[in-house]
Amino acid sequence: MIELVLPDGAKMSVESGIKGVEVASKISEGLAKCAVAVKVNDTLMDVTTPITTGGTFSIITSKNPEGLEILRHTAAHVLAEAVEALYPSAKATIGPVIENGFYYDFAGIIIKEEELPKIEAKMAEIVAADYPIERKMMARDEAEKFFAERGEPYKVEIIRDMPGDVKEVSVYTQGDYVELCRGPHLPRTGMLGKAFKLTKVSAAYWRGDATKESLQRVYGTAFFNEKELKAYFTMLEEAERRDHRKLGKEMDLYHFEEYAPGDVFWHPRGWTLFQTLIDYMRKRQKAVGYVEINTPQLMNRVLWETSGHWDWYQENMFTTTVEEKAFALKPMNCPGGVLVFKHGLTSYRDLPQYIGEFGRVHRYEASGAIHGLLRVRAFTQDDAHIFCTPEQLHDELQKVVKLMVSIYEDFGMTDMTIKLSTRPAERIGSDEIWDFLEKGLAEAITDLGYTYEINEGDGAFYGPKLDFKFRDAIGREWQLGTLQADLNLPERFDVNYIGEDGQKHRPIMLHRALFGSLERFTGVFIENTAGRFPFWLAPVQVMVAPVTNDQDEYAKKVLKRLQRAGIRVEADLRNEKISYKIREHSLKKIPVIAVVGKNEAAEETLTLRRLGEEKQIVMKLEDAVKQFKLDARYPSVEYDD
RNA sequence: GCCGCUGUAGCGUAGUGGUAGCGCACAUCCUUGGUAAGGAUGGGGUCGUGGGUCCGAUUCCCACCAGCGGCACCA
């Protein structure tokens with residue numbers, strides 16, 4: 001006999017070897033019916049696997065997040081069975097659960113999007129057949145032989161590559177289909193139900209390695225009921241409406257041309273937004289001691305060889321040769337910053353130094369990587385390099401993180417994840433330096449009460465980094481802010497400061513960008529706000545709209561008054577009905593429409609309609625000016641008045 | 001870069017082996033209307049680019065360019 005402790009603390013004594021589903025039916029038959037899996041001592045197991053050890057015990061149903069993962073994992077197996085049935089040349093590889101669904105990768109076939117309904121129909125047949133899904137253990141060499149005979153070379157490779165101490169593996173059978181898998185799974189294919197859908201096809205590399213063969217990936221998703229499935233697709237459709245590429249066109253912010261793939265043509269309204277972001281950042285940075293520099297776009301290749309970028313990234317650099325001298329467009333601002341710092345001698349008394357640059361950099365991104373404003377070939381970083389002593393490192397890192405978070409809060413962007421990227425396999429600098437810097441970054445974050453995830457081996461070649469990631473409309477993660485610690489560039493460029501002892505010492509260099517790329521930040525921000533910018537950021541803050549042309553003179557007067565107050569204002573004097581103008585400027589997401597008619601002209605007032613609000617407010621012109629001036633102020637910036 | 005898909009006016013789209021429509025936008029005129037589309041008329045297209053097949057190609061084939069979805073990459 002073994003003892004199981006239920007979630008409510010109740011203890012249950014059962015014979016060893018009992019199945020999870022049998023335990024469930026002891027509690028209630030209903031529970032047994034909807035049990036997806038069980039959890040014994042934090043290990044998930046199939047409901048049909050004999051339980052031989054006592055301990056904590058819980059039943060996983062559709063209510064648990066683990067339940068949904070198991071459902072989707074089983075859906076992936078059903079997908080694999082359907083594909084192998086429909087495409088005899090298909091070889092199954094792997095099919096994991098991912099956020100919002102699952103996928104399965106196949107070798108030996110090409111599947112087009114229009115073939116997905118056919119596969120879904122086959123999956124439905126497998127569900128209708130309601131095969132029991134059975135787990136059994138196989139000796140490792142037996143399993144290898146078994147899958148080799150079934151013509152599943154990828155399964156064989158997976159078994160071969162398992163660690164040496166693995167002696168047996170689990171396989172799952174549903175009908176004639178057999179899959180190598182750790183499990184657990186739904187007890188029967190019928191439990192998958194109807195709430196699944198294949199969503200897209202794409203290519204993927206075997207084992208994520210671009211030098212290996214290309215596989216056919218099929219993505220899908222599954223839920224416990226059709227209502228949730230439908231809600232998921234509704235949510236996706238709404239998210240697509242927030243796509244910055246769509247809103248960028250609708251709001252007339254920017255466009256691209258074939259002549260310059262991945263390089264933005266900013267329109268007046270988009271550029272105003274862009275410049276406002278820079279203006280805001282400049283004020284925030286100035287307030288905490290940053291200075292600003294500007295360095296050349298094009299610098300001699302020798303500089304990039306010194307910095308190490310040539311060795312690492314020459315494939316991704318734009319280069320040109322003039323009079324037999326090779327130059328490269330800067331892909332980073334750091335060497336420029338280093339040269340400015342190095343120009344002259346710096347005393348320890350003058351550290352730390354905060355040297356900022358709104359630097360435009362060019363990187364030849366792979367053609368398939370370009371994505372709207374989120375991944376471009378020319379972008380502007382709100383870059384800064386901080387030179388400090390090792391003793392100052394901890395404080396300086398914390399200051400950057402605090403400033404970064406405060407800035408995101410001003411934009412209402414609080415849903416971020418912080419990643420610590422550690423030393424890559426190929427790098428420069430000694431292990432002692434990496435140890436010191438990785439520890440410094442980790443402590444800076446934890447000491448401030450934030451948590452981070454580790455991206456093993458994902459650091460830059462010259463140092464570890466903290467990345468601040470945000471999601472776009474449909475949930476893809478994009479890195480915005482970055483904070484990098486670097487002892488290598490100072491070494492390579494022989495950067496020094498004069499210490500108290502009169503000797504030269506090596507400073508630590510921090511690289512940091514808070515927006516990261518202004519272009520990317522703009523894109524993510526558009527998607528986060530669905531284009532409804534706060535007043536202080538809106539490219540056009542107020543649109544003056546006369547009811548009839550009789551009020552044109554008053555409208556012009558209002559326009560001039562607001563312009564003089566520094567408000568970004570336009571007047572729509574076209575011969576159109578007021579409802580037409582309201583509609584048009586609302587669609588362009590202009591925060592305030594100031595309607596002026598006969599009454600307003602007579603009384604020197606404005607009737608204000610704020611975006612998204614039905615109610616109208618009548619204000620004296622001068623009161624409105626005061627209000628707009630307050631609304632236009634940047635958050636977290638001190639104003640003297 | 002890899003695999004698949006797409007490319008028709010500024011934007012959104014229909015369509016075809018016999019050189020193209022529609023809506024919005026734009027222009028002119030009528031209308032001067034108080035909170036999400038008033039009406040009429042009109043201009044605008046080498047159907048992504050270059051080759052090929054064909055009597056004839058925007059349509060079929062090939063290459064290239066660009067975009068989209070993933071993968072790989074991302075200092």
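All chains are named by letter (A, B, ...) in the order of the sequence lines, taking the proteins before the strands, and each is independently numbered beginning at 1.
- A close approach under 4.0 Å does not occur between any side-chain nitrogen or oxygen of A:Y580 and OP1 or OP2 of B:G39.
- Pairing each heavy atom of A:A107 with each of A:T93, the nearest pair is N-CG2, 4.2 Å.
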Would you tabulate the side-chain donor-acceptor contacts of residues 329-338 of chain A under 3.5 Å, counting partners in other chains and residues two or more places apart, or write 'none'?
{"from": "A:K330", "atom 1": "NZ", "to": "A:T295", "atom 2": "O", "distance (Å)": "3.3"}
{"from": "A:K330", "atom 1": "NZ", "to": "A:T295", "atom 2": "OG1", "distance (Å)": "3.1"}
{"from": "A:K330", "atom 1": "NZ", "to": "A:N333", "atom 2": "OD1", "distance (Å)": "3.0"}
{"from": "A:K330", "atom 1": "NZ", "to": "A:E357", "atom 2": "OE2", "distance (Å)": "2.8"}
{"from": "A:N333", "atom 1": "ND2", "to": "A:Q381", "atom 2": "OE1", "distance (Å)": "2.9"}
{"from": "A:N333", "atom 1": "ND2", "to": "A:D383", "atom 2": "OD2", "distance (Å)": "2.9"}

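- Using a 4.0 Å cut-off between charged side-chain N and carboxylate O, A:D458 and A:K465 make no salt bridge.
- Between the P atom of B:A75 and the CD atom of A:E315 lies a distance of 16 Å, rounded to the nearest Å.
- Rounded to an integer number of Å, the gap from CD1 of A:I617 to P of B:U35 is 17 Å.
- A cation-pi arrangement is present between A:R377 and A:Y364 under the rule of less than 6.0 angstrom and at most 45 degrees off the ring axis.
- For B:U19, there is no paired nucleotide, since no Watson-Crick or G-U wobble pair has both relevant distances below 3.5 Å.
- Comparing the C1' positions of B:C24 and B:A75 gives an interatomic distance of 44 Å, to the nearest angstrom.
- Using a 4.0 Å heavy-atom distance criterion, A:Q484 is classed as a sugar-phosphate-only contact.
- Regarding contacts with the backbone of B:A37, every side-chain N or O of A:K577 stays at 4.0 angstrom or more from both OP1 and OP2.
- Comparing B:A20 with B:U35, their P atoms are spaced 45 Å from each other, to the whole Å.
- With the nearest nucleotide of RNA chain B identified for both A:F461 and A:V596, A:V596 has the one nearer the 5' end.
- The side-chain tip of A:K200 points at the ring of A:Y219 from less than 6.0 angstrom away and within 45° of straight on.
- With rounding to whole Å, A:W206 atom CH2 is found 17 Å from B:C3 atom C1'.
- For the pair A:I578 CD1 and B:U35 P, the computed distance is 9 Å after rounding to whole Å.
- Of the candidates B:G4, B:U35, B:A75, the closest approach to any side-chain atom of A:M317 belongs to B:A75.
- Across the strands present, B:U35 finds no partner; the criterion is a Watson-Crick or G-U wobble pair with both atom distances under 3.5 angstrom.
- The gap from the C1' atom of B:G17 to that of B:G52 amounts to 15 Å, rounded to the nearest Å.
- Residue A:Q616 is in base contact, counting any heavy-atom pair closer than 4.0 Å across all strands shown.
- Contacts of A:Y103 with the nucleic acid, taken as non-hydrogen atoms under 4.0 Å apart, are absent.
- The interatomic distance linking A:Y554 (OH) with B:U32 (P) rounds to 24 Å, in whole Å.
- Distance, A:D572 CG to B:C26 C1': 15 Å, rounded to whole Å.
- Contact check on A:R360 versus A:D263 returns a salt bridge, with a Lys/Arg side-chain nitrogen under 4.0 Å from an Asp/Glu carboxylate oxygen.
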Q.
Can you build the contact string for nucleotides 66-74 of chain B? Use B for base contact, S for sugar-phosphate-only contact, and - for no protein heavy atom under 4.0 Å.
A. SSSBBBBBB
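- Contact annotation for A:R574: backbone-only contact, meaning every heavy-atom pair under 4.0 Å involves sugar-phosphate atoms and none involves a base.
- Annotation: of the two residues near RNA chain B, A:D467 and A:K598, the 5′-most nearest-nucleotide partner is A:K598.
- Residue-level contact check: A:T211 touches neither bases nor backbone, having no heavy atom under 4.0 Å from any strand.
- Between the side chain of A:D550 and the base of B:U32 there is no donor-acceptor pair of N/O atoms closer than 3.5 Å.
- Here, B:G34 and B:A40 have their C1' atoms 25 Å apart, quoted to the whole Å.
- Other residues, nucleotides and ligands contribute over 12 non-hydrogen atoms within 6.0 Å of the NZ atom of A:K469.
- Cation-pi contact between A:R217 and A:Y103: present, with separation from the ring centre below 6.0 Å and deviation from the ring axis of at most 45°.
- The side chain of A:V595 sits closest to B:G34 out of B:A36, B:G33, B:G34.
- For B:G1, the paired nucleotide is B:C71, the pair qualifying as Watson-Crick or G-U wobble because both relevant distances are below 3.5 Å.
- Remark: the separation of the P atoms in B:U6 and B:G45 is 27 Å, to the nearest Å.
- Backbone-only contact: A:S579 has heavy atoms under 4.0 Å from sugar-phosphate atoms and none from a base.
- As judged by a 4.0 angstrom heavy-atom cut-off over every strand, A:Q314 is placed among residues making no nucleic acid contact.
- No more than 12 heavy atoms of other residues, nucleotides or ligands lie within 6.0 Å of NZ in A:K557, so this atom counts as exposed by the packing criterion.
- At the phosphate of B:G12, OP1 or OP2 sits under 4.0 Å from a side-chain N or O atom of A:K249.
- Whole-Å rounding puts the A:E600 CD to B:U35 P distance at 12 Å.
- Taking atom CD of residue A:E613 and atom P of nucleotide B:U35, one finds them 18 Å apart after rounding to whole Å.
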